[in-house]
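Reading through the structure tokens given below for one structure.
Everything numeric in this text was worked out from a predicted model, so none of it was measured.
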Amino acid sequence: MAKPRKRNQTLTVRLTQAEKERIQTQAKKARRSVTDYLVALSWETPIYLGPDTRPLLVELKRMGSNVNQIAQKVNAGAFTSYNFQEMVDQLGALHEELCRLTRSSPWQR
């Protein structure tokens, strides 16, 4: 026969009334006490982590830096009407790449 566990630790959790009622209902359906139900969930429920978004954030930061550099040059009068159109084209390409990256990101699904 297994040695019974002595539960001598407490954990305080703040919940809304609806959350509390749902947990109590689910525990009752599982024929467990709320404590047993929550402990079982913590051991049995797998935790799925999303993909690492750091590379995407780094790329977004670089793109933002490029846009800021372009804006500084425009404000300084460094662009003629000819290279202004080139800059607009580059911004359009950056925008398309950003849209492509966010559409292909699994955390957006």
For residues 22-33, which side-chain donor-acceptor pairs fall under 3.5 Å, sequence neighbours excluded?
{"unit_1": "Thr25", "atom_1": "OG1", "unit_2": "Glu21", "atom_2": "O", "d": "2.8"}
{"unit_1": "Ser33", "atom_1": "OG", "unit_2": "Asp36", "atom_2": "N", "d": "3.0"}
{"unit_1": "Ser33", "atom_1": "OG", "unit_2": "Asp36", "atom_2": "OD2", "d": "3.4"}

Going by the rule salt bridge (Lys or Arg N to Asp or Glu O under 4.0 Å), which residues pair with Glu59 if we only count those two or more places apart in sequence or in a different chain?
Arg62
Hey, could you give me the CG/CD1 distance between Leu91 and Ile70, rounded to the nearest 0.5 Å?
4.5 Å
Which heavy atom of Thr35 sits nearest a heavy atom of Arg7, and at what distance?
CG2-NH1, 3.4 Å
Out of curiosity, does Val58 fall in the hydrophobic cluster containing Val67 (side-chain heavy atoms, cut-off under 4.5 Å, transitive links)?
no
Taking only residues at least two apart or on different chains, which pairs with a member in residues 87-96 satisfy side-chain hydrogen bond (donor to acceptor under 3.5 Å, both in side chains)?
Gln85-Asp89
In chain order, what residues pass the side chain to side chain contact (heavy atoms under 4.5 Å, CB included) check against Thr16, with sequence neighbours excluded?
Ala18, Glu19
Whichever hydrophobic residues join Val39 through chains of side-chain contacts under 4.5 Å:
Trp43
For Val13 and Leu11, run side-chain contact (heavy atoms from CB on, under 4.5 Å): C-alpha distance rounded to whole Å, both residues' side-chain angles, the deciding distance at 0.1 Å, then the answer.
CA-CA 6 Å; Val13 180; Leu11 176 67; 4.1 Å; yes
Sequence neighbours excluded, which residues qualify as side chain to side chain donor-acceptor pair (under 3.5 Å) partners of Arg14?
none
